[in-house]
Amino acid sequence: MIELSTHGRGFNFAKPIVARIWREADGNPTDRGECVLLTDRVPNAWGVGYRAVLTTRTVEAYEVPRTLPCIHSVRQLSHLNSGDLVVMRPRSGHIRTLFRPDSNYNALLATERCNSFCLMCSQPPIDRDDSELVDINLEAIRLMVPTPSSLVITGGEPTLLGDDLFRILRELRDRLPSTDVHMLTNGRRFAWPDFTDAFNESRPPRLTLGIPVYADNASEHDYIVQARGAFDQTIQGLHRLARYGQPVEIRVVLHALTVPRLTHLAEYIYRNLSFASHVAFMGLEVTGFAKPNLNKLWVDPYDYRNEIAAAVEHLAVRGMKVSIYNHQLCLLDRTLWAFARKSISDWKNVYLECCDSCQVRSECGGFFETGLSRVSSRVKPL
Amino acid sequence: MPRKFQTPEAFGTAPHSYHLLPFRFCRLNQEQEILVNEAGEYLIAASGTVRSIVRREIETGSDLFRSLRARHFLYDDQSSPLLDALATKYRTKRGFLEGFTRLHIFVITLRCEHSCVYCQVSRQTPDRHRYDMTRETADRALDLMFCSPARGLTLEFQGGEPLLNFDLIKYTVPRAKERAEKAGKHLNIVITTNLALATDEILRFCRDEEIDLSTSLDGPAFIHNANRPRPSANSHELTVKGIERARDIVGHDHVSALMTTTRLSLSHPKEIIDEYVRLGFGSIFLRPISPYGFAVRTLSRIGYDVPAFLEFYKTGLDYIIRLNRQGTDLSEAYAKILLTKILTPFPTPFVDLQSPAGAGISVVVYNYEGDVYASDESRMLAEMGEKTFRLGNVSDDYQTIFGGDRIRSLVESSIVESTPGCTDCAFQTYCGGDPVFHYATQGDLMGHRPTSAFCRRNMEIIRHLFSLLACEDAELYRVFFAWIRERRVRDVYLEPGL
């Protein structure tokens, strides 16, 4: 578990600031104007020229030059390293990490709004104007050093941004053309030809879209995502994307509503979405909406071991690329281990106590820190 | 006020309210029937299912209903029929039509040193002038070949024994390659040869020019030599040696073999298959002869009826599957083609089982004397005096040959979607038309299905494959997909995802 946010008290700025962390102990940066200085001192004239400053000290506004945005009284700073990108918020004094150069799990949060309302959503949508995120993301992309090998765009539903999403995609295309970009979307808006045409004009060269398909039929899928017409839109959107040769990954979250027809879903994917570059079967993250809906959703992964084995085999023998995400090796048939990935983002990836003695712990994906309230009763060290 | 979650019923559909999409069906056995949609997706269901569907008796909340809807057999008011998706699947399946004529066969000589029992066309003669294709004819055939819009072309040299006119191969290959390069087309070159005359020099030429070799192997020596007589009665020995040398020089994967089933073969499926395994082939094609046009006496010696062939085929297929289960990788080519049609959303490039038939629109034959025919069988019929399927001559222009009345009538008469007996056949999407066969055997391009050997054979083979698929045996599916994907059975499943 890695901290990604902290806070203090801010002044001298009115809009969110995106900047690169620079620890004072690391000497003088060459690009001060892009950096936020981390210090234990009272920021003074020597700090001018930095984009902002963070200090553990408690200071009064008059002690700091007016042109130097500042958050003070920051209690927890140890998780921040030189090179990390953060966004600082003026009123709340909140400091959120946007990017860590050493991590393979960097993500841009496009928006918290969504046009679906999935029963197991791990990050429930928030219906408010968060369009300020667009500029934050654009600035983050400009400041990313070194060029990340991979980057995720997540939400909410990124396509709700419309033209602003295309601005972000063009920024990625122009500034980070060698980065593997993975955008998580429900794919519904791609059913509209104009939208997909515009998307096609903007997309970065190494973009994959991760799009969930939860059933081989509309009524089950629409129920799971709580949106009438969603299935039809997603399937039409996928086909429209395929016409442009846009690589897509199909994502299936496993729970009580998807497990019973899993092999049928696999056949549907093979027959209708054979252009997909990858299919991922994902374990349920028991957080967000999954908690209040757990009685509708929970199946012990041990109890669906045969269903997941059959679905993986169904697609794999047909030559489709398949992965299993968010599953522990002790719950999977050994023949499936080759398909299991360590997929949980490093900052929320944990193991149980009993895992300490496990021989394959280092190959195992472990658990969501956020989802420990309900885990399989069959977890055991191997 | 937090938003409330809605119940499943809010997304369901009214009981028994649904609409049908086009599909066809037939009985598989006493307990089961097969339903097949326009895109070749199938469902094996309990007998009586079709009747229940039509009478609107299927529960909309049932698993069966969901499967029927997912496979585009029907749709309801809750969801769009997703006709675009169905159209995409249909178009994908018909991908073989894209690009028009891909396979161009050059019959560069009728001369041959073999006198095979099932061959009607070869000549044992030293007269080069009469039976060899000239350079002028080959040039003109290349002109026509490169008029084809296909992005990928295959140039196949046939005979007779084409190596008897190897000079023409040496003349034609660089010219074909130069034109492919200029036109930006992908070009495959194949020589169909008995390999008896394949010298190291010829094989090195094939290696350097990346030419694939297709030879004939009918089984072990006692069958092969009986089917394929030549002076010294040593065809089998020469073929096996030829295969070995060709693999050494040209490469193992560039040498394939075809077998033809004669009456003698019928009682020896295992011996024939074992011979292919012994010689290290990854595939065998249990191929019937097309015994039309033979004299009654010949036919009584080499021919057989459909049930006899089917028994041979099923015994052979069963044995091949068993070999695969035991770790020997060998596919049966015809089953592989049909299974690709049945089990995958993709088209097959096999020109002898498609609708409309491949004759002319997928394959064309330039005969040694310059006449252009719709297929290999067409020019064989022509050698017996039946020139119905002559599309023209290499001296004609492309439009006359490939846009003329002959080719149009071949297409019209081989669209199984509208052929009597095929329109409502459950296996329609997997099958195809064969106007040449039906003209030769029944005197009519369209033919009469109830008495058609072509229909009977394909119906029964497809039905047999379905009864194997109905067993839901995971290991069998691995074997079948290993064939379809041209992998080893043990590699087909345990491939890491990424």
Side-chain angles (χ1 to χ4, degrees), chain A residues 117 119 124-125 127 215-224 226-233 235-236 238-240 242-243 257 260-261 264-265 267-268 270-275 277-280 289 292-293 296 310 312-324 335 338-341, chain B residues 2-13 37 39-41 43 60-61 63 65-72 75-89 92 343-346 472 474-475 477-482 484-487 489 491-498:
Chain A
F117 204 67
L119 293 174
D127 191 11
D216 64 347
N217 64 86
S219 43
E220 285 181 302
H221 178 94
D222 289 358
Y223 169 57
I224 292 167
Q226 293 281 301
R228 221 166 266 108
F231 179 78
D232 295 348
Q233 289 165 5
I235 299 299
Q236 282 165 354
L238 281 161
H239 274 255
R240 203 157 282 285
R243 253 180 249 179
L257 302 171
R261 287 185 63 81
H264 291 284
L265 174 55
E267 173 68 3
Y268 187 85
Y270 178 61
R271 289 284 188 172
N272 294 276
L273 308 170
S274 55
F275 48 80
S277 52
H278 182 214
V279 179
F289 285 160
N293 290 318
K296 299 189 192 88
V312 166
E313 161 140 11
H314 192 92
L315 290 169
V317 297
R318 283 161 178 77
M320 293 196 77
K321 298 211 179 298
V322 191
S323 296
I324 299 171
T335 60
F339 300 94
R341 313 268 167 263
Chain B
R3 218 174 106 181
K4 268 186 147 175
F5 293 104
Q6 293 180 284
T7 62
E9 290 69 36
F11 304 92
T13 203
N37 78 3
E41 283 168 281
L43 189 74
T60 44
D63 250 349
F65 179 80
R66 288 181 172 143
S67 294
L68 290 165
R69 186 172 50 182
R71 290 169 202 209
H72 272 114
Y75 65 101
D76 60 17
D77 297 324
Q78 164 64 24
S79 57
S80 130
L82 287 173
L83 290 181
D84 285 355
L86 182 59
T88 301
K89 288 190 278 189
T92 305
L343 290 172
T344 85
F346 307 115
E472 293 292 339
E475 188 183 64
Y477 279 75
R478 287 182 194 176
V479 170
F480 284 168
F481 275 101
I484 290 168
R485 295 175 54 211
E486 299 178 2
R487 305 288 165 97
V489 176
D491 293 338
V492 89
Y493 169 52
L494 286 175
E495 287 167 90
L498 273 181

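Numbered from 1 within each chain, the chains take letters A, B, ... in sequence-line order.
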Out of A:Ile235, A:Ile324, A:Asn293, A:Leu238, which one racks up the most heavy-atom pairs below 4.5 Å with chain B? A:Asn293
Heavy-atom pairs under 4.5 Å with chain B, option from A:Val312, A:Asp232, A:Leu273, A:Ile224 with the top count: A:Asp232
Any salt bridge linking B:Arg478 with A:Glu313? Criterion: basic side-chain nitrogen under 4.0 Å from a carboxylate oxygen. yes
I'd like to verify something: which residue of B:Ala85, B:Ala474, B:Ala482 has the highest number of heavy-atom pairs under 4.5 Å with chain A? B:Ala85
Residue pair B:Arg66, A:Arg261: steps toward the side chain to side chain contact (heavy atoms under 4.5 Å, CB included) verdict: CA-CA 9 Å; B:Arg66 288 181 172 143; A:Arg261 287 185 63 81; 3.5 Å; yes
Indicate the ring-plane relationship of A:Phe289 and B:Phe5, choosing parallel, tilted or perpendicular according to the 30° and 60° boundaries. perpendicular
Parallel, tilted or perpendicular: which one describes the rings of A:Tyr223 and B:Phe11, with boundaries at 30° and 60°? tilted
Check each atom of A:Leu119 against the heavy atoms of chain B and say whether the ones under 4.5 Å are side chain, backbone, both or neither. both
Just wondering, do [Y] and [X] contact through their side chains at under 4.5 Å, heavy atoms?
X       : Y        : value
B:Phe65 : A:Asn217 : no
B:Lys4  : A:Gln226 : no
B:Glu41 : A:Asn272 : yes

Under 4.5 Å from any heavy atom of chain A - which part of [X]:
X        : answer
B:Thr7   : backbone
B:Phe480 : neither
B:Ser67  : both

Name all residues meeting the salt bridge (Lys or Arg N to Asp or Glu O under 4.0 Å) criterion together with B:Asp76; count only those two or more places apart in sequence or in a different chain, and write none if there are none. B:Arg69
